[in-house]
Amino acid sequence: MISLDKWTERLTRRVARGTSRRSTLAWLGATITGAAVFPVLPVARAASGSPHGGGGGHAPISSGNPQDPGDQASCDYWRYCAIDGFLCSCCGGSVSTCPPGTEMSPITWVGTCTNPADKRAYVISYNDCCGVSSCGQCLCNRNEGDRPQVRPQSNNDYNWCLGTESSIYNCSTAVIIGVASE
Amino acid sequence: MISLDKWTERLTRRVARGTSRRSTLAWLGATITGAAVFPVLPVARAASGSPHGGGGGHAPISSGNPQDPGDQASCDYWRYCAIDGFLCSCCGGSVSTCPPGTEMSPITWVGTCTNPADKRAYVISYNDCCGVSSCGQCLCNRNEGDRPQVRPQSNNDYNWCLGTESSIYNCSTAVIIGVASE
Amino acid sequence: MKSFALALALLTSGASFVGAAFAAPTATVPFPKALAEEPIPMVEKLPAQWPASWILVHDFHFNSILDGRVMIIDTASVDRPVRGMVRAAQFANMLASSSRREILTSETFYSRLTQGVRTDVVSIWDMVTLLPKGEIVLPGGKRQQSVTYPQLFQFTNGQKWALVANFTPAQSVSVLDLDARKIISEIDLPGCAQLYPTGVRGFSSFCADGSLFSVALGPDGKAVTSKVVENVHDIDNQPMFGTPAWQGQTAWFVSYRGRIQGFDFSGEVGKALPGAFDLGSAEGAAPEWRPGGWQVIANDAAGKLYVLMSPNGREGSHKDGGTEVWVADPASKTRTARIALRSVALAIGLTKDAKPNLIVARADGEIDVHDAATGAFLRSLGKAGGDNPILITVP
Amino acid sequence: MKSFALALALLTSGASFVGAAFAAPTATVPFPKALAEEPIPMVEKLPAQWPASWILVHDFHFNSILDGRVMIIDTASVDRPVRGMVRAAQFANMLASSSRREILTSETFYSRLTQGVRTDVVSIWDMVTLLPKGEIVLPGGKRQQSVTYPQLFQFTNGQKWALVANFTPAQSVSVLDLDARKIISEIDLPGCAQLYPTGVRGFSSFCADGSLFSVALGPDGKAVTSKVVENVHDIDNQPMFGTPAWQGQTAWFVSYRGRIQGFDFSGEVGKALPGAFDLGSAEGAAPEWRPGGWQVIANDAAGKLYVLMSPNGREGSHKDGGTEVWVADPASKTRTARIALRSVALAIGLTKDAKPNLIVARADGEIDVHDAATGAFLRSLGKAGGDNPILITVP
């Protein structure tokens, strides 16, 4: 059981690199609230419907790890429960890395998605990749836990290419940064 | 019967407005050669096929004049026998005018298309409209009489937004500037 | 250059007579005179007063967000729906003013398209020529960039001023004097978002703690008074879509669960109107009907409310788009009609004429026009709204 | 900003434990350890030496020409075909050099995206990081803008220099020293177009009178000698596609009517090779088979030629795209095979490995991979080439 303090402290440390104190603090605030406001929801089956985009008929991408199941090129993939944008998995990056030539945004917003394999609620950081124009591949929009812009750290409509050299948006990742509880 | 000299002289006069002497001369050169290199061709029926684009299911636009028949929102329309780009008819302009907010290029290339109603061979000037980004409506590409770039005035691959304040391409017109012969 | 052009002329003037030789004889045709030459150059203008059937549709242009556009559309015209387009670059916002005869776009540019020096600008476009009239540069690179919300860029002070939302994520508001072409003040807005013009000169914003924060501005654009009204927004259980339907200075909001709540922004302090009401339920839903889309609530001149509804309402469905439009009367607090759409839609709007039409921007990019009174489908305008039409503005 | 962030943290840190309370117990699940946290930030790099299966596809991006791109694609990977993208703004051209480990794009920018001050630039990108390494500004706003042709931007002098075609419509060539990051000379080219690197240091161009014009450059980039070879190009009756297939410094061109003509650009003066030959006819055409598409001829490492063919060949069909690829042996001057494609295609290319694959960019934007030897379809890479893939480059 990681205490919240320890966890946010580690986050701060990890993110501090290459980011201003200001955005680190904002990100810290975002992280805590982000983790807080999400009731833990099952990944909606309906999420495969066109309203969320369909990945544009992209061939499936598997993690190869039974504990991380599903197609990382599909809007249905468990980590994408609140993603909004092009999947970096289809753009030269991966579910947790940015494509070459881009810069990963240090500040972002955070969702909580349940892993159907281990039933844990993971805190997912939707870091945007910035400095290259719209990737155009695998557009998805899912909004479980998404709230109005009055709660920035819970809203996926902001362009989270903030604190980066360029605010031009290329694609979105879905990085595991912790477990909501153990 | 208009003599070629008279005709090009009139063109020069008309185009001179708002264009540099340099582009006027170029345009004059282009016009003469343009008119020259085109054998008079029937509008190919096959031109309706997807290779030329289909106007994106746009509702038909009629001139209302039986002597100027056909759908001005369709790549099949007789004046478009060598057009390459978005039809201004679908973009807020018309077959012979640019949409508001754009600037019509003074220098362009010229094709010869046969009017199926009066069987005359008209000299068509494909002036581009410039200064606004791609219109996105009614993309067409027909190439009757199109020749390699070694003959600029007979090639529709150049961005003819030349001599305009901005070279950004919005759409293409198909203006009657004369009759190849009477 | 000159010699080149003349060379070409000489090179081919001979050949041109060969070209002429190909021409068909005209004696046999029924049209004695050839079609007239057409003047060059020729550029269209728009009418000084746009007809009531004209709207503006924001194409977010996901495949090139930095090249977003606003399409100007005549909803009465099937064959010429597109009347022009205006640049709306990089998560831009747009304002249209019939009295100023101007369209304003708040935009962001980079010196190398995607990289280099950032410049934020409010661009001012003439509504007749659609040509740029001027711009106001916004220093600091802080203009808020989001999927376009109308309430990030608003008029106040009788359209003499504009308010621009900033987000770095530090939140603030820049106050612009449009005629002086300059920023006259900036107001910090920690923890609050979206701008609802309030009173004669001011605005309100919703805040993260569920309160409403109202600011009154002085003649110099600086804050004179401000007031917080607590607990007007249950963000967890009844979150409201940020974009309301405006009836004068009354704004009608709808929540993710379909509750209608009015706010009065006519005074110096925004106030929640008593008597929120629910749109209710209906058959044919799994699990339930909820508002869904990007611009889900609109109203007609008579004040009737129209809400875009999804039959698959659940947590997270609020941007999925809707298949019906429900009509409600805020006076009687009752639902008066249901309008079935032809396809999933993301945004709705209503023309302001006496016999209003319901304009529907579909998820597939098509624009449909319905009779607002009967709900009957009238016409499709095809892809006149561009690739991703997400907002409808009726000027 | 600081106070805001901390405020939020305080505001909700209590609530976060409520959030935790929702979490499912983990004692019952088969995975004792949770998935590990992943490092932030993390950005991919490309291998120093790209595999032979990697290509570059130019997405012309018609719906936003000012935002064109080059997609980097692994043709061996079905699940991860896209490896990255590089900016190619406004009728851009692209060069890739394995020896320089650089991608070069010649681009045009405006200070307000569509309007304002124009800047032409050659941008230099690192092939491993895809980050910009530098740029060379091209003054005068004369860089030629066309639907992308490879021969408008070429290397010479052992890839130490680049040649940029200019068109205003005055035609000229700018010679760039890539390491010194500067323009070293400009050569007028009245009446001639497209650049074919010639000899050690120089280029040739085809001219409007059907001749070939060759220029040899000195160490300073200035023209030393030039030579005109007359009547190598029958523009009216056998016009050649401007983009040839390169076998070393031999360029194989195909005409609109399917005649193959080789040119030797290894010496100081470009020369037409004797023995042009026709691809011949075949059944199933109406009216006849002709080359059709944007990049219609390519070759494999063994020197076999591949030509994209349309069954609806006629005047004006040369950009309509093709449904078959015909294979020809320039040595025996015979057609050796016909490969049926799955859909109309606009561009073809071949990987350079021993067992080459035929890469096909379809008019609908899909990228197909065929076995070049058997013609068999191997795999689809979906829309990896973006909206409008029109050129395939095998580095």
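Throughout, a chain's letter reflects where its sequence line sits, starting with A, and its residues are numbered from 1.
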Can we say Glu44(C) and Arg80(C) salt-bridge, meaning some charged N sits less than 4.0 Å from an Asp/Glu carboxylate O? no
Residue Ser134(B) versus chain C: region with a heavy atom under 4.5 Å: both
Cys129(B) and Cys98(B) SG atoms less than 2.5 angstrom apart: yes
When only pairs under 4.5 Å are counted, which of Gly136(B), Cys171(B), Cys88(B), Ser96(B) shares the most heavy-atom pairs with chain C? Ser96(B)
Centroid separation under 6.0 Å, is that true for the rings of Tyr126(B) and Trp109(B)? yes
Output the residues of residues 64-73 of chain C for which the shortest heavy-atom distance to chain B is under 4.5 Å, in residue-number order; output 'none' if no such residue exists. Asp67(C), Arg69(C), Met71(C)
Pairs under 3.5 angstrom only: tabulate donor-acceptor contacts from the side chains of residues 385-395 of chain C to other protein residues two or more places apart or in another chain.
residue	atom	partner	partner atom	Å
Asp387(C)	OD2	His61(C)	NE2	3.4
Asn388(C)	OD1	Phe62(C)	N	2.9

Assign the ring pair Tyr77(B) / Tyr80(B) to parallel, tilted or perpendicular, where the plane angle (0 to 90°) is split at 30° and 60°. perpendicular
Considering only heavy atoms, which portion of Asn115(B) lies under 4.5 Å from any heavy atom of chain C: side chain, backbone, both, or neither? side chain
Got a sec, which residues hit ring pair (Phe, Tyr, Trp, His ring centres under 6.0 Å) with Trp125(C), two or more places apart in sequence or on another chain? none
So that I can tick it off, tell me whether Lys383(C) and Glu366(C) are bridged by a salt bridge, with the cut-off set at under 4.0 angstrom between side-chain N and carboxylate O. no
Do Arg342(C) and Phe377(C) meet the cation-pi criteria used here (NZ or CZ under 6.0 Å from the six-membered ring centre, within 45° of the axis)? yes
Heavy-atom pairs under 4.5 Å with chain C, option from Ser94(B), Gly92(B), Pro100(B) with the top count: Pro100(B)
Applying a strict 4.5 Å limit to non-hydrogen atoms, the region of Pro81(C) in contact with chain B is side chain
Chain B heavy atoms under 4.5 Å from Arg83(C): which part of the residue, side chain, backbone, both or neither? backbone
Taking only residues two or more places apart in sequence, or in another chain, which ones meet Phe86(B) in a ring pair (Phe, Tyr, Trp, His ring centres under 6.0 Å)? none
